Engineer: 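Pasting a structure below so you can have a look.
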Amino acid sequence: MTGLHDTVQMDLCWKNARLATMTGDDLGLVDDGVVAAHDGRIVYAGPAKEAPAGAARTLDCEGRLITPGLIDCHTHLIHAGSRASEWAMRLEGASYEDIARAGGGIVSTMRATRAASEAQLVETALPRLDALIAEGVTTIEIKSGYGLDTASELKMLRAAHALARARRIRLAPTFLGAHALPPEYADDSDGYIDLVVREMIPAAAPLASAVDAFCEGIGFSPAQCERVFAAAEVHDLAVKIHAEQLSALHGSALAARRGALSADHLEHASDEDVRAMAAAGTVAVLLPGAYYFMRETRLPPVGAMRRHGVRIALATDCNPGTSPTSSLLLMLNMGATLFGLTVTEALRGVTVNAAAALGLSAEIGTLEAGKACDLAIWNTADPAELVYRIGLNPLHQRIKDAQ
């Protein structure tokens, strides 16, 4: 080890830290740890007694905890308009149908998003992105899905790339044209899927890394989603799915059979669905913000996921209609409090497992040599503090690519 470390080049070294490396099956805790970086990548993460010497700059963390930079692996961050007034109507007793008849629901967000310019979409999304960055998020997935026509969907994806240029953030852009049925296709869902498959996906392919679909009775059928996935595969795009949130259509099992990176929501997932996800290595992305905001009562089958060895991730599902939150730290607490996740499961859910849900395990999610040097340094040495606190942000410093 000593001979090898003698040849290691280092620009930066963080010492006197407690590391949560997320390697192995737990938090991978290392007391008196060191992280060293060169050219934006980790070259060493481990005990100080085995660390290489000779960094150009050394920073003393004074006993603070270092985790990998946090990863929000499911967001609808880009949208125009607000649904706050609809929420107020629901509090006063209005039904979803009442709101839809009044021009609300996803159609209101679609209309506002279509009317907004790319620059306006970037401007309105920046505060939401900045809130996540302030909590140590270094990687974010951003979906399209509120344009529901080719030009508007592409505009959303371009806005996502513009956000990544405006801030030091790693972007995982996802095309979600099969999110809802636009009014012009109100009686022709197959016709709209034809448009998604034949026109939208080929046009979106240069701007996206994955394709998602909403498999629900109020969304699209498993057969329609399978058509979307087949088209994605033609263009070498990974697939993901919104499934089993409101009903049991077995979309998660379908997506797993297509090699999906993740299946998300999953409150109504069956044991069969979970076993299919385990066999495929598909990550279960749980979204406690939507569960809370929609006052759902059916819990996702976390026990079955544990039994079958399905990796669990957590994300904000930041969106205007059902999860208007920009706090991934709050999702840690909600994942534990509402879904019964342990501290280890919650923290792995926003690091190593979230990286897997985006197909980025080779690049991020753990503290180990070869990975991007994305770090979150916290004003605590206890990982449980990050899950336990509500409304307190203990971030000391966020590092992306060693900067």
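Given the structure is predicted, the values throughout are model-derived calculations rather than measurements.
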Engineer: Hey, what do you get for NZ (K371) to CG (L367), rounding to the nearest 0.5 Å?
Structural biologist: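 One gets 9.0 Å once the value is rounded to the nearest 0.5 Å.
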Engineer: Answer yes or no: is there a side-chain heavy-atom contact under 4.5 Å between L249 and E244?
Structural biologist: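 Sidechains of E244 and L249: in contact.
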Engineer: At what distance, to the nearest 0.5 angstrom, does CG of L129 lie from CD1 of I133?
Structural biologist: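 That separation rounds to 4.0 Å.
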Engineer: Check the pair E368, T23 against side-chain hydrogen bond (donor to acceptor under 3.5 Å, both in side chains), reporting the backbone distance first and the verdict last.
Structural biologist: CA-CA 8 Å; E368 55 186 322; T23 55; over 6 Å; no
Engineer: Search all heavy atoms of T124 against all heavy atoms of H79 and return the closest pair with its distance.
Structural biologist: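 Taking every non-hydrogen atom into account, OG1-O, 3.5 Å.
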Engineer: Can you tell me if E216 uses its side chain to pair, donor with acceptor, with the backbone of S247 under 3.5 Å?
Structural biologist: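 Checking the backbone N and O of S247 against the side chain of E216, a donor-acceptor pair under 3.5 Å is found.
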Engineer: Starting at CG of D188, measure out to CD1 of I193 and round the result to the nearest 0.5 Å.
Structural biologist: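 Rounded to the nearest 0.5 Å, the CG-CD1 separation comes to 10.5 Å.
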Engineer: Establish, from distance only, whether the side-chain atoms of D72 and T316 form a donor-acceptor pair under 3.5 Å.
Structural biologist: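 Result is yes, a qualifying pair exists.
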Engineer: Is there side-chain contact between N393 and W378, with at least one heavy-atom pair below 4.5 Å?
Structural biologist: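 Of all side-chain heavy-atom pairs linking W378 with N393, at least one is under 4.5 Å.
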Engineer: Name the one of H179, H242, K240 that satisfies side chain to side chain donor-acceptor pair (under 3.5 Å) with D212?
Structural biologist: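 Of H179, H242, K240, side chain to side chain donor-acceptor pair (under 3.5 Å) with D212 is met by H242 alone.
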Engineer: Give the C-alpha distance, both sets of side-chain angles, the deciding distance and a yes or no for side-chain hydrogen bond (donor to acceptor under 3.5 Å, both in side chains) between H308 and D271.
Structural biologist: CA-CA 9 Å; H308 294 298; D271 197 70; 3.0 Å; yes
Engineer: Heavy-atom count check: over 12 atoms from other residues, nucleotides or ligands less than 6.0 Å from Q397 CD?
Structural biologist: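 Yes, enclosed.
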Engineer: Please check if atom CZ in F293 has more than 12 non-hydrogen atoms from other residues, nucleotides or ligands closer than 6.0 Å.
Structural biologist: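 Count over threshold, so yes.
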Engineer: May I ask you to say whether E272 pairs ionically with R275, meaning some side-chain N is under 4.0 Å from a carboxylate O?
Structural biologist: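 Judged by the 4.0 Å cut-off on N to carboxylate O distance, E272 and R275 do not form a salt bridge.
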Engineer: Backbone N or O of I66 within a donor-acceptor pair of the R18 side chain at under 3.5 Å?
Structural biologist: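 Judged by distance alone, no pair lies under 3.5 Å.
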Engineer: Could you tell me whether R41 and E363 make a salt bridge, using a distance below 4.0 angstrom between a side-chain N and a carboxylate O?
Structural biologist: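 Here R41 pairs with E363 in a salt bridge, since their nearest N and O are under 4.0 Å apart.
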Engineer: Any chance you could measure I140, atom CD1, to C73, atom SG, to the nearest 0.5 Å?
Structural biologist: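 So the CD1 of I140 and the SG of C73 are separated by 10.5 Å.
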Engineer: Quick one: CG on D11 to CD on Q403, what's the gap to the nearest 0.5 Å?
Structural biologist: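 Here the rounded value is 10.0 Å.
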Engineer: Distance alone, cut at 3.5 Å: any donor-acceptor contact between the side chains of R83 and T109?
Structural biologist: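 Their side chains do contain a donor-acceptor pair, which is all the 3.5 Å distance test asks for.
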Engineer: Would you name the heavy atoms of L332 and A346 that are closest together and state the gap between them?
Structural biologist: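 The answer is CD2-O, 3.3 Å.
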Engineer: For the pair D374 and K400, find out whether any cationic side-chain nitrogen is under 4.0 Å from an anionic carboxylate oxygen.
Structural biologist: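 Answer for the salt bridge query: no.
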Engineer: Output yes when D60 and K15 qualify as a salt bridge under the 4.0 Å nitrogen-oxygen rule, no when they do not.
Structural biologist: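 So D60 does not pair with K15 through a salt bridge.
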Engineer: Among E345, E267, M334, M305, which residue meets the side-chain contact (heavy atoms from CB on, under 4.5 Å) test with L286?
Structural biologist: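 Only match with L286 under side-chain contact (heavy atoms from CB on, under 4.5 Å): M305.
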Engineer: Are any of the side-chain nitrogens in K143 or E141 under 4.0 Å away from the carboxylate oxygens of its partner?
Structural biologist: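 Salt bridge: yes.
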Engineer: Ignoring hydrogens, what is the shortest heavy-atom contact between A178 and V228? Give both atom names and the distance.
Structural biologist: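 Looking at all heavy atoms of both residues, the closest pair is CB-CG2, 4.1 Å.
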Engineer: Would you say the side-chain atoms of S323 pair up with the backbone N or O of N319, donor to acceptor, closer than 3.5 Å?
Structural biologist: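 No; judged by distance alone, with no hydrogens or angles, the pair does not exist.
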Engineer: Any ion pair linking R227 and D194 (charged N to carboxylate O, less than 4.0 Å)?
Structural biologist: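 Between R227 and D194 there is a salt bridge, with a charged N closer than 4.0 Å to a carboxylate O.
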Engineer: Salt-bridged, R168 to D401, with N to O below 4.0 Å?
Structural biologist: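 No salt bridge links R168 with D401.
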Engineer: Could you check whether any side-chain N or O of D273 sits under 3.5 Å from a backbone N or O of S270, counting only pairs where one atom can act as donor and the other as acceptor?
Structural biologist: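 Looks like yes, one N/O pair under 3.5 Å.
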Engineer: Taking atom types as modelled, find out whether D317 and H76 have a side-chain donor-acceptor pair closer than 3.5 angstrom.
Structural biologist: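 Judged by distance alone, the side chains do pair up.
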Engineer: Under a 4.0 Å N-O cut-off, is there an ion pair linking E118 with R158?
Structural biologist: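 Salt bridge present between E118 and R158.
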Engineer: Determine, stepwise, if the pair S262 / D264 fulfils side-chain hydrogen bond (donor to acceptor under 3.5 Å, both in side chains).
Structural biologist: CA-CA 6 Å; S262 74; D264 304 24; 2.8 Å; yes
Engineer: Do N379 and L395 come within less than 4.5 Å of each other through their side chains, counting heavy atoms only?
Structural biologist: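 N379 does not reach L395 side chain to side chain.
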Engineer: Any Lys/Arg nitrogen of R114 or D149 sitting under 4.0 Å from an Asp/Glu carboxylate oxygen of the other?
Structural biologist: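 Looking at R114 and D149, the cut-off is met.
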Engineer: Can you tell me if H265 uses its side chain to pair, donor with acceptor, with the backbone of Q245 under 3.5 Å?
Structural biologist: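 Not confirmed, H265 side chain does not pair with Q245 backbone.
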